[in-house]
There are 4 protein chains.
Amino acid sequence: MMIDVAIVGASGYTGLELIKIILNHPKFNISYISTSKGDENLIDLHPSLKNVFDKDIDKTDPKMISKVAKLAFLALPHKTSMSIAKDLLELGVKVVDLSADYRLELDTYEKHYCHHDDKENIKNSVYGLPEFFKEKIKTTSLVANPGCYPTASLLALLPFVEFLDEKFPIFIDAKSGVSGAGKKCSHNTQYVSINENIFAYNPLIHRHQPEIKEKILHLTKKNLDINFVPHLIPATRGELIDIYTVVDKEFEPISHLKEFYKDENFIRIFDKPVDIKSCSGTNFCDIFAKLDGKKLYINSAIDNLLRGASSQAVVNANIMFGFDEDLGIPKIAYMP
Amino acid sequence: MMIDVAIVGASGYTGLELIKIILNHPKFNISYISTSKGDENLIDLHPSLKNVFDKDIDKTDPKMISKVAKLAFLALPHKTSMSIAKDLLELGVKVVDLSADYRLELDTYEKHYCHHDDKENIKNSVYGLPEFFKEKIKTTSLVANPGCYPTASLLALLPFVEFLDEKFPIFIDAKSGVSGAGKKCSHNTQYVSINENIFAYNPLIHRHQPEIKEKILHLTKKNLDINFVPHLIPATRGELIDIYTVVDKEFEPISHLKEFYKDENFIRIFDKPVDIKSCSGTNFCDIFAKLDGKKLYINSAIDNLLRGASSQAVVNANIMFGFDEDLGIPKIAYMP
Amino acid sequence: MMIDVAIVGASGYTGLELIKIILNHPKFNISYISTSKGDENLIDLHPSLKNVFDKDIDKTDPKMISKVAKLAFLALPHKTSMSIAKDLLELGVKVVDLSADYRLELDTYEKHYCHHDDKENIKNSVYGLPEFFKEKIKTTSLVANPGCYPTASLLALLPFVEFLDEKFPIFIDAKSGVSGAGKKCSHNTQYVSINENIFAYNPLIHRHQPEIKEKILHLTKKNLDINFVPHLIPATRGELIDIYTVVDKEFEPISHLKEFYKDENFIRIFDKPVDIKSCSGTNFCDIFAKLDGKKLYINSAIDNLLRGASSQAVVNANIMFGFDEDLGIPKIAYMP
Amino acid sequence: MMIDVAIVGASGYTGLELIKIILNHPKFNISYISTSKGDENLIDLHPSLKNVFDKDIDKTDPKMISKVAKLAFLALPHKTSMSIAKDLLELGVKVVDLSADYRLELDTYEKHYCHHDDKENIKNSVYGLPEFFKEKIKTTSLVANPGCYPTASLLALLPFVEFLDEKFPIFIDAKSGVSGAGKKCSHNTQYVSINENIFAYNPLIHRHQPEIKEKILHLTKKNLDINFVPHLIPATRGELIDIYTVVDKEFEPISHLKEFYKDENFIRIFDKPVDIKSCSGTNFCDIFAKLDGKKLYINSAIDNLLRGASSQAVVNANIMFGFDEDLGIPKIAYMP
């Protein structure tokens, strides 16, 4: 029997990726699609879906959703998500929220984003990084899907936290394809601005920095000094993370990674530096690491729109409904 | 019950695409993979397949293939294909050949390529453009998979041949992503040569020109004057075709196209110019056309590695084994 | 002695290119820079000029210009140019207008653009394609700088008009880098829309089509049937033109081109297809041609922002002031 | 009076950049060009120079060079340079060597490269980073032009060494355009391998790491712990450096940089992160820095082929001949 699901926020890149994945999913069925306006045509928004999938777009309406779907994916901007999630949960609809609204502790959220209107649910949400929160995801009604940078950074860093000293800073140099900036037009995401270019933005003040820090504290009780510098690169999708820090003893990082993640479906450990193209189009997080004396270099890659957003959201939905976590999840890369 | 198939020539881009499609195919199973050397490791050749699919690579051996597979896809250079195809056919293995070796009449082939060693089979091969040769594909043992440029050109042009005059030249301006040039290193396919660049190559003498001409003659008895100029563009995959000619009367080209292809799964007719990104990753051929007086402009797009090679090959295999032609064939684009 | 010049419309790409060229020009001095708002800072608009050139930006004011400059380059949108040009000419300032406002006959202009407010000057303007209008440019006060597509198309086509028949259509397939669409944000010029993509726009109805047709008629008295289809390609700058038609007799096109342009500084004839990278950063127009029987293929390349706009404007200014046409004009390509 | 110079190794990217700069130089004249084979044609090697500059190419011959040139630029692979430089110096020709052969102390060189055959001259060579070695460059006959990564790293790091503790590691995350890998074909520099991709290579073992370390030790007597990870990005030219470390006290890094470099022509200090496009085509090194508590982030950008190779070489030549260091050196970026 198929589970009916709603995709709320179908106009953006992550909305499209959700549609693409669920179309091939053997257990989820898209019963509802909406945008904030509701007056667009799906094929006008996403011409690539022509002859593949079409459906009327609604103006987002929680009551309507509760009548036709058991789960809603919210592919919305932060602040917009919280009001809709609140209504959906009251109406008995499970939610996987791709925005930042339920990812953080209330204090951290209000410090780095804005006032929060749904203080009840933020307390009970589960952070949707399956490798570390699988048991809680199974029973929750509200999954906060992680940010793309925190996903790739946490998966790279968490295996090594046992070797890290709180006094020593961790430096994360991140590189993202332009789709990570969303579909909205801006001067910085124009072709001419990006082509033959690369630049950092929001160095040391990006809002994904506290997300990384808080989740490590939550999981390991270590209060690490996370320093995060993201860059835009001339590529559409993909995200590469380079982490630099110092550990307290020498060990073999590759075999440690293989052991740490030996039961995981979506982590691949490489013996040489990873690249973004080999995991583009999939839910994999590829990881490499190297130790020079006590200096540790960790290197991870994900597809920012999939593992960093939409495919991870569907993995979370799989777990919430008791399916195998990799049911219908893309594993074959957009290669070459 | 699954049909065992062999992929001969697994090291190149089309070999990889065959593997990717068949991994998701509900009726075909990869029982054999080979390269000319046979000493490579599949994950070294295609690291993106790590944790997805691995298999020993053989050195191509028709006898061995005949023991383990009912069909072989030959993703080989022209000239190499003909000897292997000949042996396979004798041993009772069906063949979909992605090279040029069986696409043309013998005379045309020897004029534009080289001496042909398998004169028997070239006579009996079927040209694998499913929209036009479906009935013959059903019963043949040897499909010659069309070239990428002829696929996109013929699908664009054939609906309009009834309006064309043999005296009037047809001009085809084609643009291909760099993967169309294959995986072999060359100065022309280096990043620095292609990036921020575009150029024509082999203007009016490309070997796909006689292929287009011959197939139109074969299908319509019209001996058209085909003039073909291909270009390399700074993109990895995708192919755009622009055709310019004059017709003998005025008509509405979009509705003509829609009627002409009304029963086809893999043709999409657009009301505005097509782009390569919307069909990248799929077997679709997207077509637009416009008439200004009697001047006709036709515009088509395909994924050069899929509709122009590997996914079309699997469609042909589907037809050869009596399956629905779209069984397991990718329809969801690599978008954004 | 230096000639003081004004750059009106300094915020866009062609404004920046004008600044860059004139900074290195031995006879022109930038005495005035303006934008429509006048409240920007030049280094904020063009950070690459930091420590190279800085100057206060004025709000465009013809009277002020007439006090400080002998010539004004107008790098403005069409319709905006005409009012300013009119005032400047009355005040005795020479004008090189990079907009479309003075390029066409009045009737053609009003049919394809909008109502024209400066009917007097449009009659007397000179079309600034130096190879064909040099003598008139010498004595005019108003040069209408050609569009980028007409520049590359006319330079390719004009040498062959003597062999062309008015009854036979000419097909022009043009490919432009994204900077040709200007600096304004739009969905079509976002990185994600352009990368790994190519598409035609405004096929057979682009406003450069009548410009090409009218200039050929003016120069040769032949009323050719011009059919023009432009494309955006994933590159920042550069423009490639492919022209297809039929001639009335056979001849050797390369030697014809070399003879036709033997006295020109900025035309290079190549024995093989041209590419956009080799002339990027320069005022060159590179041309190749090939004849197959009576089918003619012509292939030209320019830098759309330089030969297609700003460097051609400065060549025109050189001629207007009696300097050598190549004085201070860039000839060394952005290569590799 | 013009100084005659030789360009040895004219076939590669840095050879072409040397030609381009010197063509516009008011005091240097190219009297000799050579390659290792000597049988190529300059326009075949660099078609963009057509109608701009042509000259017979010699097979490299030090005696011949000594007859026609006072200075030779060696744009050669390491190991090849040392034998030619030795001969040229004996014959009285000054040398700017763009290879690695004279950059390091003998021990460091032999540890990281190979046996050195010119032990005499390696002792006396001067490291051509003008901001720090200007006085020595004035009087030497042999300048070892720095590597591209060391140039951008040292210019970013040296102003802050006074605040650094030897016990604390310095992490350098570098990103280079593909031209940095040279013109030789390789799988890693094919368009398909680089497009939509990014990856690290030689992490923590790149040969530019000891070059950075040794020069800091030489200049400041501090033996810093340099950890260097380079990446290839999908761009032709440009190099971005991100440096992460900890300082021993708090200070204002931007004003410190402005003061430190206040007399320099080719250093630009920015108040926000730098990008590679704004300095592409120039000899500038653009720098930004930020301090968060005692964590220091430094960010620099250069054109890898110019400041990282050829324009810096000509700056060194300017200084060797007593000219202003910025004579004929490009300052206007390839923008947009």
Side-chain angles (χ1 to χ4, degrees), chain C residues 12-17 19-24 43-53 177-180 182-183 195-196 234-237 261 264-282 284 286 301 303-305 326 328 330-336, chain D residues 12-17 19-24 43-53 177-180 182-183 195-196 234-237 261 264-282 284 286 301 303-305 326 328 330-336:
Chain C
Y13 297 141
T14 54
L16 173 59
E17 294 293 340
I19 292 170
K20 286 164 56 181
I21 296 167
I22 298 177
L23 283 179
N24 276 334
I43 303 305
D44 290 343
L45 283 175
H46 303 299
S48 64
L49 293 177
K50 190 178 165 88
N51 292 20
V52 175
F53 180 65
V178 186
S179 60
K183 204 174 179 176
N195 184 40
E196 279 291 287
T236 291
R237 57 202 298 162
Y261 282 127
E264 294 301 337
N265 286 303
F266 290 117
I267 307 284
R268 300 189 294 192
I269 310 304
F270 281 77
D271 296 322
K272 55 177 190 174
V274 298
D275 69 309
I276 58 173
K277 208 171 195 179
S278 295
C279 60
S280 176
T282 81
F284 285 118
D286 291 346
D303 183 317
N304 59 304
L305 294 177
D326 62 351
K331 289 187 171 179
I332 298 183
Y334 289 176
M335 199 54 165
Chain D
Y13 297 140
T14 54
L16 173 59
E17 293 294 338
I19 292 170
K20 287 164 57 181
I21 296 167
I22 297 176
L23 283 178
N24 276 334
I43 303 305
D44 290 345
L45 283 175
H46 303 298
S48 65
L49 293 177
K50 191 179 164 88
N51 292 22
V52 174
F53 179 66
V178 186
S179 60
K183 204 175 179 175
N195 183 40
E196 280 290 287
T236 292
R237 59 201 297 161
Y261 282 128
E264 294 301 336
N265 285 303
F266 289 117
I267 307 284
R268 301 190 293 193
I269 310 304
F270 280 76
D271 297 321
K272 55 177 190 175
V274 298
D275 69 308
I276 58 173
K277 207 171 195 178
S278 295
C279 61
S280 175
T282 80
F284 286 118
D286 291 345
D303 183 317
N304 59 304
L305 293 177
D326 62 350
K331 290 188 172 179
I332 298 183
Y334 289 175
M335 197 57 164

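Each chain gets a letter, A, B and so on, in the order its sequence line appears, and its residues count up from 1.
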Note, D/S278 side chain near C/H46 side chain (heavy atom, < 4.5 Å): no

Could you check whether any side-chain heavy atom of C/L305 comes within less than 4.5 Å of a side-chain heavy atom of D/P336, counting everything from C-beta outward?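 Yes, at least one pair of side-chain atoms sits under 4.5 Å.
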
Determine, stepwise, if the pair C/N195 / D/E196 fulfils side chain to side chain contact (heavy atoms under 4.5 Å, CB included). CA-CA 9 Å; C/N195 184 40; D/E196 280 290 287; 2.7 Å; yes

Out of C/F53, C/Y13, C/F270, return the one with the most heavy atom pairs under 4.5 angstrom to chain D.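 Most heavy-atom pairs under 4.5 Å with chain D: C/F270.
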
Distance from [X] atom [atom1] to [Y] atom [atom2], nearest 0.5 Å?
X	Y	atom1	atom2	value
D/D286	C/K50	CG	NZ	8.5 Å
C/M335	D/S179	CE	OG	11.5 Å
C/N51	D/C279	CG	SG	12.5 Å

Structural part of [X] lying under 4.5 Å from a heavy atom of chain D:
X	answer
C/F284	side chain
C/L23	side chain
C/R237	side chain
C/I267	backbone

Given heavy-atom pairs under 4.5 angstrom as the criterion, report whether the side chain, backbone, both or neither of D/I269 touches chain C. backbone

Which portion of D/K277 sits near chain C, non-hydrogen atoms under 4.5 angstrom: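 When you check distances to chain C, only side chain atoms of D/K277 fall under 4.5 Å.
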
Between D/K20 (side chain only) and C/Y334 (backbone N and O only), is there a donor and an acceptor less than 3.5 Å apart? no

